[in-house]
Number of protein chains: 2
Amino acid sequence: MQQVGETQPTVAQQRVLDAAAACFGERGFHGTTTRDIAKQAQLSPAVLYVHYPTKEDVLYEISRAGHVAALEVLRAAAARGSTPTEQLGELAQDFALWHARSHAVARVVNYELGALSPAHHEQIALLRRQMEQVTREVLEAGLDSGEFAVANTSLTALAVLSLGVDVGRWFKTTGTWQPEDVAKHYRELALRMVLAH
Amino acid sequence: MQQVGETQPTVAQQRVLDAAAACFGERGFHGTTTRDIAKQAQLSPAVLYVHYPTKEDVLYEISRAGHVAALEVLRAAAARGSTPTEQLGELAQDFALWHARSHAVARVVNYELGALSPAHHEQIALLRRQMEQVTREVLEAGLDSGEFAVANTSLTALAVLSLGVDVGRWFKTTGTWQPEDVAKHYRELALRMVLAH
DNA sequence: CGACATGGTAAGCAAGCGCTCATGTTCTGA
DNA sequence: TCAGAACATGAGCGCTTGCTTACCATGTCG
């Protein structure tokens with residue numbers, strides 16, 4: 001097979017991707033061997049190369065799918081709210097929720113960009129810029145309506161996203177809080193950062 | 001020599017540490033070879049083992065010194081302010097400033113914990129708990145005085161630190177903003193998250 | 001049936017890895 | 001002046017790495 005593009009992965013491919021995402025999320029790309037991935041997937045060491053040409057292509061596919069998912073979370077949240085305040089609240093909440101629930105993939109998405117080939121990195125950078133764009137647009141709408149008051153739109157957009165991103169770093173499923181608790185609280189924190197009063 | 005403890009590193013040791021920190025910060029611990037470090041330090045591949053028993057010990061020393069420095073930043077900021085509002089402002093500002101200025105070391109500090117040996121990891125975890133402790137105490141002082149109003153002290157402390165931590169991920173020296181600009185803005189964002197009104 | 005596509009494996013290769021060791025070289029102090 | 005400690009190196013060892021190859025099981029379809 002060895003197709004890697006935008007097509008839907010088969011069941012077997014998804015199994016490799018899931019195993020690799022779990023490993024990459026825990027030990028990082030360079031800390032994970034192809035044998036680790038095979039073991040996690042309960043398959044032979046060679047199975048990776050039946051479906052993907054290189055280990056880096058596996059990373060790219062995980063990163064790409066993860067970024068598409070995260071971007072969709074942001075877009076859906078922004079579309080759901082009827083006011084900028086609602087939009088930013090939903091955005092911050094759902095972004096944090098996704099990072100808590102999918103923290104393995106989230107770690108790959110946010111911390112393994114440097115392991116991508118230059119060509120792949122560029123594709124991913126495109127998606128990341130769109131994520132910032134969506135957030136900035138919600139902030140700008142709130143500034144126009146007078147609901148928000150912030151000194152630096154770009155820097156504040158980064159900060160709103162930072163809150164969510166960093167959840168992926170510290171969140172543990174064995175911890176005290178549920179993903180939903182964290183997300184609800186982060187919605188409030190993000191809104192406080194931007195609201196005028 | 002091969003001493004790794006709490007003693008001051010010699011000039012030669014510091015040179016190895018600086019080179020390793022630059023490499024680890026850019027490509028991660030597992031993405032960096034001992035030859036990379038030697039090349040960065042403009043020394044022979046074997047030089048690392050003159051001063052440290054293993055590559056992991058170099059990581060530990062960088063991580064330990066980095067955590068001590070970051071903790072000191074937090075403590076100094078908290079000690080400087082005369083009110084909880086001032087304290088948290090200074091804390092958020094200086095923490096972000098440190099992460100912007102020392103973003104290479106900061107990345108090692110925050111993202112390479114998993115590469116430490118269990119024994120070393122435990123030592124570092126001690127320092128990290130103290131960092132959260134300092135932040136929580138400032139928040140609690142502000143709650144007692146009525147200056148702050150937050151629903152969940154621990155989660156809010158995490159969020160305040162998150163803002164700074166994530167600066168280490170995205171900050172580039174070649175970017176638009178200076179470390180001081182980011183830090184000033186982040187002071188405001190952190191204060192907005194916690195202030196009562 | 002049998003030709004063939006699909007999905008999987010065991011074994012192993014070349015290269016690069018962390019680390020060692022025998023051997024200088026420089027610095028310090030009696 | 002020169003012994004000994006401290007610092008540094010070139011060469012290379014044994015092992016692990018990403019990846020390849022030759023081969024096998026299964027199911028589909030004319």
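Chain letters run A, B, ... following the sequence lines, proteins first, then strands; residues in each count from 1.
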With a sphere of 6.0 Å drawn around CD of B/E26, does it hold more than 12 non-hydrogen atoms of other residues, nucleotides or ligands?
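No, the 6.0 Å shell around CD holds no more than 12 heavy atoms from other groups.
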
Rounded to the nearest Å, what distance is computed from the [atom1] atom of residue [X] to the [atom2] atom of nucleotide [N]?
X: A/Y52; N: D/dG18; atom1: OH; atom2: P; answer: 17 Å
X: A/K55; N: D/dT17; atom1: NZ; atom2: C1'; answer: 8 Å
X: A/R15; N: C/dG7; atom1: CZ; atom2: P; answer: 13 Å
X: A/Q42; N: C/dT9; atom1: CD; atom2: P; answer: 11 Å
X: B/I37; N: D/dT9; atom1: CD1; atom2: C1'; answer: 17 Å
X: A/L48; N: C/dG7; atom1: CG; atom2: P; answer: 15 Å
X: B/H30; N: D/dT16; atom1: NE2; atom2: C1'; answer: 14 Å

Using a heavy-atom cut-off of 4.0 Å across all strands, would you classify A/L43 as base, sugar-phosphate, or nothing?
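The answer is sugar-phosphate, as A/L43 gets under 4.0 Å only of primed atoms, P, OP1 or OP2.
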
Under 4.0 Å between a side-chain N or O of [X] and OP1 or OP2 of [N]?
X: A/H51; N: C/dT6; result: no
X: B/Y49; N: C/dT20; result: no
X: A/S44; N: C/dG8; result: no

For the student: nearest non-hydrogen atoms of [X] and [Y], plus distance:
X: B/F24; Y: B/V108; answer: CB-CG2, 3.6 Å
X: A/M131; Y: A/A70; answer: CE-CB, 4.0 Å
X: A/R192; Y: B/M193; answer: NH1-O, 3.0 Å

Do the side-chain N and O atoms of B/Q130 and B/R75 include a donor-acceptor pair separated by under 3.5 angstrom?
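Looking only at side-chain atoms, B/R75 and B/Q130 do form a donor-acceptor pair, the distance falling under 3.5 Å.
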
Measuring from the side chain of A/V47 (C-beta onward, heavy atoms only), which nucleotide among D/dA8, D/dG18, C/dT9 has the closest atom?
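Between D/dA8, D/dG18, C/dT9, the one nearest the side chain of A/V47 would be C/dT9.
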
Distance-only donor-acceptor test (3.5 Å): side chain B/R35, base C/dG16
no

Go nucleotide by nucleotide along DNA chain C from the 5' end; which of A/A46 and B/T33 gets its closest nucleotide reached first?
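It is A/A46 whose nearest nucleotide is closer to the 5' end.
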
